[in-house]
Amino acid sequence: AEPAAPPPAARSTGGTVFASTGAGRIDDTLARAMLPSPSEEDVFILVCGTDGFVGDMAGPIERVYDAAGKKTKVQGPTLGVLGRLGFRPEQVFKL
């Protein structure tokens, strides 16, 4: 029998390996296990995906229109999973 394929993502912390199956929602527990602590230096999280995913993970991207009708994306506050974990707006960028 062939060995099982490794999970799509894993992070080792203090001898324990946390792994994602690559399916389902990312909740606070999984994010806490997979991401660095927001208190660590030089932490920067880039969040991209559908509007729903970005909103669930980091809060919605706000779209603002100027007088000429040009749309600009505004980062807005850090909410969602990352906000609950304590990540600050300067540590998170939403695409």
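Nothing here was measured: the structure is a model prediction, and the numbers come from that model.
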Next item on the list: Would you give the length of the straight line joining atom CZ of R63 to atom OG1 of T72, rounded to the nearest 0.5 angstrom?
Entry: 11.5 Å
Item checked: Close side-chain approach of P38 to Q91, heavy-atom, < 4.5 Å -> yes
Item checked: Heavy-atom side-chain contact between D66 and V64 under 4.5 Å -> no
Check: With a 4.0 Å cut-off, would you call D51 and K94 a salt bridge?
Finding: no
Next item on the list: Decide whether F93 and F53 are clustered together by the hydrophobic rule: side chain heavy atoms of Ile, Leu, Val, Met, Phe, Trp, Tyr closer than 4.5 Å, transitively.
Entry: no
Note to self: Test of understanding: clusters of I, L, V, M, F, W, Y form through side-chain heavy atoms closer than 4.5 Å, transitively. Do I61 and L79 belong to the same one?
What the structure shows: no
Next item on the list: Check whether any side-chain N or O of E62 sits under 3.5 Å from a backbone N or O of K73 as a donor-acceptor pair, and report yes or no.
Entry: no
Check: Are I45 and L82 side-chain neighbours, meaning at least one heavy-atom pair lies under 4.5 Å?
Finding: yes
Next item on the list: Measure the shortest side-chain to side-chain distance between L95 and V54 over non-hydrogen atoms and say whether it is less than 4.5 angstrom.
Entry: no
Item checked: Non-hydrogen side-chain atoms of M57 and I26 separated by less than 4.5 Å -> yes
Notebook entry, point to check: Which of these, D56, L30, V81, sits in a side chain to side chain contact (heavy atoms under 4.5 Å, CB included) with R25?
Noted result: D56
Check: Taking C-beta and beyond as the side chain, do T78 and R88 meet within less than 4.5 Å on heavy atoms?
Finding: no
